Amino acid sequence: MTSTDKLPTRRENFSEWYNQIVQRAELADYAPVRGCMVVRPYGWALWENIQGALDRRFKATGHVNAAFPLLIPKSFLEKEKEHVEGFSPELAVVTIGGGETLEEPLIIRPTSETIIGHMYSKWIKSYRDLPVLINQWGNVVRWELRTRLFLRTLEFYWQEGHTAHATSEEAEAETRRMLDVYADFAINEAAVPVVSGLKSDKEKFAGAVRSYTIEAMMGDTRALQSGTSHFLGQNFAKAFDIQFLDWNNEMQYAWTTSWGLSTRFIGAVIMTHGDDQGLVLPPRLAPIQVVVIPIYKSDQEKSLVMESVERVRAELAGFRIKVDDRPEVTPGFKFNDWEMRGVPLRIEIGPKDVAKDSVALARRDIPGKAGKSFASQQNLAQQVAQILEDIHTSLHIRALAFRQANTYDPVDYPELVEAVTHGWAYAWWCESPECEAKVKDETKATTRCIPLDQPDRTGSCIVCGKPARRKVIFARAY
RNA sequence: CGGGGCGUGGCGCAGUCCGGCUAGCGCGCUUGCAUGGGGUGCAAGAGGCCCUGGGUUCAAAUCCCAGCGCCCCGACCA
């Protein structure tokens with residue numbers, strides 16, 4: 001779908017804007033099965049860069065990768081009460097294998113706590129076996145009724161870390177450490193500002209003692225949970241009998257954690273940075289960081305220009321660079337095309353540039369003339385590196401400013417109701433499920449998280465007026 | 001699962017009400033010529049199980065019955 005029609009603007013129709021970008025930038029396409037997506041090469045390249053940035057961080061914090069099976073005995077899911085209640089409505093179940101009805105139906109994993117818990121109980125016998133710090137890159141299936149590419153699909157790709165520890169304190173520290181890893185990744189690789197915080201009991205992972213999240217504000221001010229880290233306590237250890245002999249020769253249940261970040265994060269990148277021209281990719285994750293567009297009329301001009309282009313390509317070999325030498329489309333088309341695909345920096349090289357030993361540079365984060373400049377071909381690599389850094393920083397600053405501009409401090413309930421119609425509300429909350437439910441019923445806004453950073457005082461609940469220890473973010477969410 | 005909508009070249013649609021001739025249009029695709037510093041133009045082409053099955057009829061994309069699928073809204077949902 002390489003339509004030349006204009007995108008709808010974000011203001012006109014944000015969700016249609018999103019859908020069209022995903023398809024036109026060739027990130028993903030609809031699969032023949034409802035709710036499933038095909039991640040196309042450009043989208044997958046973006047995911048691979050996300051994987052690389054996360055995987056480096058996982059390794060640096062002592063984790064190793066492994067692979068657990070897709071199919072899980074149905075009975076496993078039923079061993080943890082909250083877990084089965086949370087997930088049973090959205091399970092895909094295999095009942096026939098090799099033409100025979102199975103004695104026990106198999107679940108296509110919606111997440112792997114159960115199968116991993118089962119294996120950990122075999123592997124962990126002594127405190128000397130702990131901690132176990134394993135991550136898995138894979139796919140899971142959750143039978144969602146209402147789907148959107150990347151944001152909520154029946155099948156999605158993610159990583160899930162699963163760790164086991166000898167003490168509660170150590171497991172809690174791991175949960176928080178990985179939350180910090182996610183926040184660091186979001187900010188420093190994706191330029192997506194996030195709020196780290198604690199989920200309410202209503203919003204926490206089914207089976208967790210508590211869940212932490214990084215929440216990001218999208219371009220329409222709705223919130224997107226972009227990564228989560230769960231302290232599972234001994235819930236799964238008890239359900240799957242993960243026991244070890246401690247240093248006093250006493251049997252103890254292990255303390256476990258799990259944490260995940262999915263292809264949904266691609267949705268976060270799109271909706272955080274994208275503009276009315278299309279996708280805007282953060283330079284550190286962009287599959288193509290620099291696109292070079294040669295411009296020429298005659299064959300003679302072409303050979304001169306291409307000579308220059310090849311020199312520039314060699315000079316910039318340290319970047320992810322693409323030369324768009326398609327003869328069948330005009331330069332103007334290519335400008336729009338690569339803007340749609342979010343390439344951070346465009347370099348134009350034409351006869352005038354060859355004559356002056358220069359190139360034209362166009363920054364994707366500053367559309368139109370304002371983002372264009374000319375640069376000497378000397379020291380080009382250094383200049384490009386600097387510009388890509390600048391783009392990363394400016395994307396982050398812009399997104400942060402947007403979030404701040406759309407985050408409100410309502411002082412009473414009517415102000416809260418008003419605030420969540422067009423932004424986030426940061427308000428005192430007594431932490432009762434009743435007040436949380438009332439806000440949800442009356443405004444469609446849910447508690448996104450209780451930020452880890454809190455004011456050093458207390459207040460009174462925005463809903464009921466009772467004493468409140470902490471502030472929470474209320475917002476409409478994806 | 002409730003309400004609504006839609007299935008016609010790759011994509012988006014018209015045609016269906018009121019049955020009839022070679023099933024059209026836009027985009028995309030192929031070829032040629034011109035063009036090329038912000039979505040080029042002209043010309044010539046290729047491409048169809050009109051969702052599936054059954055029925056009515058001299059005749060069905062069009063009418064009737066059944067089924068399948070998809071989309072939107074709601075309910076549901078880390």
Side-chain angles (χ1 to χ4, degrees), chain A residues 1-7 13 15-16 19-20 23-24 29-36 82-83 85-91 110-111 113 140 142-148 151-154 156 158 160 199-208 210-215 223-230 232 258-262 264 277-278 293-299 301-302 305 324-340 346-356 358-362 367-369 371-372 374 440-441 444 446-449 477-478:
Chain A
M1 168 170 152
T2 323
S3 169
T4 52
D5 292 345
K6 276 230 148 71
L7 273 180
N13 189 343
S15 87
E16 190 52 28
N19 290 340
Q20 288 199 22
Q23 292 213 68
R24 290 209 210 175
D29 202 352
Y30 294 100
V33 176
R34 179 195 73 84
C36 292
E82 279 188 26
H83 196 61
E85 282 172 5
F87 279 107
S88 55
E90 46 186 297
L91 295 178
T111 179
E113 276 75 7
V140 289
R142 298 176 187 181
W143 213 266
E144 304 287 353
L145 295 180
R146 209 160 161 190
T147 58
R148 296 195 66 191
L151 300 175
R152 183 174 288 108
T153 46
L154 295 200
F156 59 87
W158 75 343
E160 44 179 325
K199 282 289 184 191
S200 71
D201 280 351
K202 171 85 169 62
E203 298 285 328
K204 78 178 166 67
F205 175 75
R210 55 183 164 270
S211 292
Y212 296 92
T213 175
I214 52 171
E215 295 284 324
L224 183 73
Q225 175 177 304
S226 304
T228 47
S229 186
H230 313 292
L232 304 175
S258 67
W259 26 276
L261 186 146
S262 75
R264 172 184 254 200
Q277 267 57 252
I293 302 194
I295 294 159
Y296 49 78
K297 297 189 180 115
S298 61
D299 279 355
E301 277 183 358
K302 177 177 177 182
V305 165
D324 186 354
D325 54 3
R326 286 177 291 175
E328 69 273 16
V329 290
T330 61
F333 182 91
K334 293 175 185 176
F335 296 169
N336 287 284
D337 198 30
W338 292 110
E339 279 169 10
M340 176 65 71
R346 178 177 76 239
I347 296 182
E348 305 166 18
I349 302 178
K352 294 176 204 167
D353 300 298
V354 174
K356 290 186 295 186
S358 67
V359 297
L361 302 174
K369 275 236 167 70
K372 272 209 186 189
F374 293 90
K440 185 181 179 184
D441 291 344
K444 289 191 172 175
T446 51
T447 63
R448 300 322 306 154
C449 71
Y478 277 99

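Proteins come first, then strands; the chains are lettered A, B, ... in the order of their sequence lines, and each starts at number 1. This structure is a prediction, so every number in the text was calculated from the model and none was measured.
Residue contacts shown for A:Ala360 include a base, since a base heavy atom lies under 4.0 Å away. Nucleic acid contact for A:Lys372: base, since at least one base atom lies under 4.0 Å from a heavy atom of the residue. A:Pro327 comes within 4.0 angstrom of a nucleotide base, judged by non-hydrogen atoms across all strands. Across all strands shown, A:Glu348 has heavy atoms under 4.0 Å from base atoms, whether or not it also approaches the sugar-phosphate. At the heavy-atom level, A:Arg346 lies under 4.0 Å from base atoms of the strands shown. At a threshold of 4.0 angstrom between heavy atoms, the contacts of A:Trp338 with the nucleic acid are absent. Within 4.0 Å of A:Lys352, counting heavy atoms only, lies at least one base atom of the nucleic acid.
By the 6.0 Å and 45° rule, A:Arg346 stacks over the aromatic ring of A:Phe335. Judged by a 6.0 Å distance limit and a 45° cone about the ring axis, A:Lys352 is not positioned over the six-membered ring of A:Phe374.
Heavy-atom contacts from other residues, nucleotides or ligands closer than 6.0 Å to NZ of A:Lys356 number more than 12. The local environment of CG in A:Asp299 is sparse, with at most 12 non-hydrogen atoms from other residues, nucleotides or ligands closer than 6.0 Å.
Annotation: B:A23 and B:A61 have their C1' atoms spaced 8 Å apart (nearest Å). The gap from the P atom of B:A60 to that of B:G20 amounts to 11 Å, rounded to the nearest Å. Taking the C1' atoms as reference points, B:U57 lies 9 Å from B:G19, given to the whole Å. The P atoms of B:C51 and B:G9 are separated by 8 Å, rounded to the nearest whole Å. Across B:G39 and B:G48, the matching P atoms stand 35 Å from one another, rounded to whole Å. To the nearest whole angstrom, the two P atoms, one in B:A75 and one in B:G3, are 16 Å apart. Going from the C1' atom of B:G26 to that of B:G47 covers 16 Å, rounded to whole Å. Between B:C29 and B:C11, the distance separating the two C1' atoms is 11 Å to the nearest Å.
For the pair A:Lys204 (side chain) and A:Ala208 (backbone), a donor-acceptor distance under 3.5 Å is present. Listed for the A:Asn336 side chain is no donor-acceptor partner under 3.5 Å among the backbone atoms of A:Phe333. Although no hydrogens or angles enter the test, the distance criterion places a donor-acceptor pair under 3.5 Å between the side chain of A:Lys199 and the main chain of A:Arg448.
At a cut-off of 3.5 angstrom, counting only N and O atoms as typed in the model, there is a donor on one side and an acceptor on the other between the side-chain of A:Asp353 and the base of B:G37.
Consecutive Watson-Crick or G-U pairs involving RNA chain B, each under 3.5 Å on both distances, make up stems of three or more pairs at B:1-7 with B:68-74, B:10-13 with B:24-27, B:29-34 with B:40-45, B:51-55 with B:63-67.
Per the geometry, CE belonging to A:Met340 stands 10 Å off C1' belonging to B:G39, to the nearest Å. Between A:Lys297 atom NZ and B:U35 atom P the separation is 10 Å, expressed in whole Å. Going from atom NZ of A:Lys356 over to atom P of B:G37 covers 16 Å, rounded to whole Å. One can place CZ of A:Phe156 at 17 Å from P of B:C77, the figure rounded to the nearest angstrom. Taking atom CZ of A:Arg24 as the reference point, atom C1' of B:G39 lies 10 Å away to the nearest angstrom. Across the protein-nucleic acid pair, A:Ile293 atom CD1 and B:G37 atom C1' stand 11 Å apart, rounded to whole Å. Taking atom CZ on A:Phe335 and atom P on B:G37, their separation rounds to 7 Å, with Å as the unit.
With sequence neighbours excluded, the residues satisfying side chain to side chain contact (heavy atoms under 4.5 Å, CB included) with A:Lys202 are A:Ser200, A:Glu436, A:Lys440. Not counting sequence neighbours, A:Trp338 has no partner by the ring pair (Phe, Tyr, Trp, His ring centres under 6.0 Å) test. Legend: residues meeting side chain to side chain contact (heavy atoms under 4.5 Å, CB included) with A:Lys302, ordered by chain and number and at least two apart, are A:Tyr296, A:Met306. The side chain to side chain donor-acceptor pair (under 3.5 Å) search around A:Ser229 returns none, not counting sequence neighbours. In terms of the side chain to side chain donor-acceptor pair (under 3.5 Å) criterion, A:Glu144 has no residue partners (sequence neighbours excluded). Qualifying ring pair (Phe, Tyr, Trp, His ring centres under 6.0 Å) partners for A:Phe205, counting only residues two or more places apart in sequence or in other chains: A:His83, A:Phe87, A:His230. Listed by chain and residue number, nothing satisfies the side chain to side chain donor-acceptor pair (under 3.5 Å) test with A:Arg264 (two or more places apart in sequence, or in another chain). Residues satisfying the side chain to side chain donor-acceptor pair (under 3.5 Å) test with A:Arg210, not counting sequence neighbours, are A:Glu172, A:Tyr212.
Nearest heavy-atom pair, A:Ser15 versus A:Arg148, reported as atom, atom and distance to 0.1 Å: O-NH2, 3.2 Å.
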Pairwise N/O distances under 3.5 Å, protein to nucleotides 3-10 of chain B:
none

Please write out the pairs of protein N or O atoms and N or O atoms of nucleotides 68-76 of chain B separated by less than 3.5 Å, giving the distance to one decimal.
from	atom 1	to	atom 2	distance (Å)
B:C73	OP1	A:Arg146	NH2	2.9
B:C73	OP2	A:Arg146	NE	3.2
B:C73	OP2	A:Arg146	NH2	2.3
B:C73	O5'	A:Arg146	NH2	3.3
B:G74	OP2	A:Arg146	NH1	2.7
B:G74	OP2	A:Arg146	NH2	3.4

Distances under 3.5 Å only, N/O to N/O: pair up the protein atoms with those of nucleotides 40-43 of chain B.
from	atom 1	to	atom 2	distance (Å)
B:U40	OP2	A:Thr330	OG1	2.5

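Checking B:G38, B:G37, B:C77 against every side-chain atom of A:Glu339, the shortest atom distance belongs to B:G38.
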